[in-house]
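Just so it is clear, the model here is predicted, and its values are computed rather than measured.
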Amino acid sequence: MALAENYQTPLKGLPFAQSLIERPLTERPNPELLSEKLALRTTKVMLISEQGAASTGTELFFISGPDYVLTESERQVYLGTAESTDFVLAIVEAESFAHLAIERWISLREAFTVLPQLQAELLVEAQAISNWISAERFCPQCGSEVRSSTFGWGQRCVMNDHELFPRTDPAIIASVIDHQDRILLGANATFRTHMYSVLAGFVEAGESLESAVRREVFEESGVHVGEVAYRGSQPWPLPRSLMLGFAAEAMSEELVPDGAEIKDLRWFSREELRVALESGTIDIPRGVSIAHALIRSWYGESLPEALNK
């Protein structure tokens, strides 16, 4: 029995699938671009520190370009243009901005529950480039320090001039559907209590996406997969992934958790999932995540919340 046709179509309305931001052309580096943008009153500077992104509580906190003071200890990245506004990221120390009206520094996961769509996309982009800058502080060829280049999108070795650019790790995430039209959900060892989700994992060297789906699902659950259909993608900068969503046809039903990453596995019918969610027995990823979109697509409508909340 092959995957139903509705599991083979692209996910509609997947957050971040259609970018709202016009990114800079890094193939045409302009050493003056950052200073030019920061001189404009219409430019907005967002702040990211080790504590998260600066916010007013319900939106990102921005500083107007001319009001932002550049320092040698900070890094800046030109993120691009949206709604006739230029956006620049500043990677900062939180304590240096204690005098400003920043309500709190919010994490990416928290931000997804409160930020408007454009700001959420800005934060995904900003968090991804910030993570890379923080992690790639030395040249892989000679071990020397690197300096910022290409208006923040590159880093150049101070010794051999070798230039580095951000890398993205492809990862698959799949809604596995059996012949009874049930969905497979697992509890990862890193999840909070009662959280279940679809299975996911990184693509290995020399591996196709479809092969990665079959391997990861079998490794984590013992389920053999037949047909695989692509549904959509979503950037996820934790740490620097591109999540590639699939639906997968289960060819077997016996569940064998790997005992390392996955601590429990369950097949759910729609009725079983509804009851479990309403009773609070389990929870699932919410908000803008592609995991939620895959589960919701299978379920066919908005997913219920716990009735006792």
Side-chain angles (χ1 to χ4, degrees), residues 15-16 18-26 30 32-137 148-155 165-166 168 234-241 287-289:
F16 317 134
Q18 302 295 327
S19 180
L20 301 175
I21 305 166
E22 182 181 341
R23 297 193 180 205
L25 296 174
T26 54
N30 175 3
E32 305 302 322
L33 183 63
L34 265 174
S35 58
E36 291 173 358
K37 295 299 183 183
L38 288 170
L40 300 174
R41 179 60 60 183
T42 53
T43 294
K44 292 183 178 181
V45 180
M46 65 173 293
L47 310 176
I48 279 187
S49 74
E50 70 286 351
Q51 297 181 26
S55 81
T56 64
T58 58
E59 294 190 347
L60 292 176
F61 178 91
F62 293 106
I63 301 175
S64 178
D67 296 332
Y68 176 73
V69 180
L70 292 168
T71 68
E72 289 296 325
S73 62
E74 297 169 3
R75 292 286 296 273
Q76 297 83 36
V77 181
Y78 176 50
L79 298 176
T81 305
E83 299 178 351
S84 302
T85 301
D86 290 297
F87 292 94
V88 172
L89 164 68
I91 305 171
V92 303
E93 298 290 336
E95 55 268 23
S96 300
F97 293 84
H99 61 289
L100 297 180
I102 298 172
E103 181 171 318
R104 68 180 187 273
W105 300 82
I106 58 176
S107 70
L108 188 66
R109 295 183 189 276
E110 181 185 2
F112 283 158
T113 66
V114 296
L115 294 184
Q117 185 176 353
L118 172 59
Q119 292 190 14
E121 185 176 329
L122 276 169
L123 184 52
V124 167
E125 180 183 348
Q127 189 71 67
I129 190 68
S130 174
N131 290 350
W132 176 71
I133 289 172
S134 299
E136 303 293 329
R137 298 184 295 120
S148 179
S149 67
T150 320
F151 33 87
W153 280 96
Q155 302 198 90
F165 286 97
T168 295
Q234 185 180 71
W236 190 250
L238 298 174
R240 56 181 188 189
S241 307
V288 302
S289 69

Just verifying a value: how many Å separate Leu25 CG and Thr150 OG1, rounded to the nearest 0.5 Å?
12.0 Å
Between Gln51 and Ala94 (side chain of the first, backbone of the second, donor and acceptor by atom type, cut-off under 3.5 Å), is there such a pair?
no
With a 3.5 Å distance limit and no angle check, can you tell me whether Gln76 reaches the backbone of Leu34 through a side-chain donor-acceptor pair?
no
Minimum heavy-atom distance between Ala53 and Leu123, given as atom pair plus value
CB-CD1, 3.6 Å
Looking at Asn131, is its backbone amide N or carbonyl O close enough to the side chain of Ser134 to form a donor-acceptor pair, meaning the two atoms are under 3.5 Å apart?
no
Would you indicate whether the side-chain heavy atoms of Gln234 and Pro15 approach each other to under 4.5 Å?
yes
Residue pair Ser49 / Trp105: nearest heavy atoms and the distance that separates them:
OG-CE3, 3.3 Å
To the nearest 0.5 angstrom, please state how far the NZ atom of Lys44 sits from the CG atom of Leu60.
9.5 Å
Applying side chain to side chain donor-acceptor pair (under 3.5 Å), name anything that partners Arg23, two or more places apart in sequence or on another chain.
none
Please report the interatomic distance CD(Glu74) to CG(Leu89), rounded to the nearest 0.5 Å.
10.5 Å
For the OG atom of Ser289 and the CH2 atom of Trp236, what is their distance to the nearest 0.5 Å?
6.5 Å
Is the closest side-chain heavy-atom distance between Leu118 and Ile21 below 4.5 Å?
yes
For the residue pair Phe151 and Tyr78, does the interplanar ring angle fall in the parallel (under 30°), tilted (30 to 60°) or perpendicular (over 60°) class?
perpendicular
Flag side-chain contact, heavy atom, 4.5 Å: Tyr68 against Val88
no
Glu59 side chain to Gln119 main-chain N or O, any donor-acceptor pair under 3.5 Å?
no
Where is the tightest heavy-atom contact between Pro166 and Trp153, given as atom of each residue plus distance?
CD-O, 3.1 Å
Rounded to the nearest 0.5 angstrom, the CZ-OG distance for Arg75 and Ser130 is 9.5 Å
Any donor-acceptor pair under 3.5 Å from Ser55 side chain to Gly57 backbone
yes
CG on Leu122 to CG on Leu79, rounded to 0.5 Å
6.0 Å
Which pair of non-hydrogen atoms, one from Ser96 and one from His99, has the smallest distance, and what is that distance?
O-CE1, 3.3 Å
Take atom CD in Glu83; do more than 12 heavy atoms of anything else shown fall under 6.0 Å from it?
no
If you count heavy atoms of other groups shown closer than 6.0 angstrom to CD of Glu50, is the number above 12?
yes
So which heavy atom on Leu108 is nearest to which on Pro237, and how close?
CD2-CG, 3.5 Å
Would you mind telling me which of Val124, Ile48, Val77 makes a side chain to side chain contact (heavy atoms under 4.5 Å, CB included) with Ile129?
Val77
Heavy-atom donor-acceptor pair, Thr43 side chain to Leu38 backbone, under 3.5 Å
no
How far apart are the closest heavy atoms of Ile133 and Arg137, and which atoms are they?
O-CG, 3.7 Å
With under 30° as parallel and over 60° as perpendicular, where do the rings of Phe87 and Phe62 fit, or are they tilted in between?
tilted
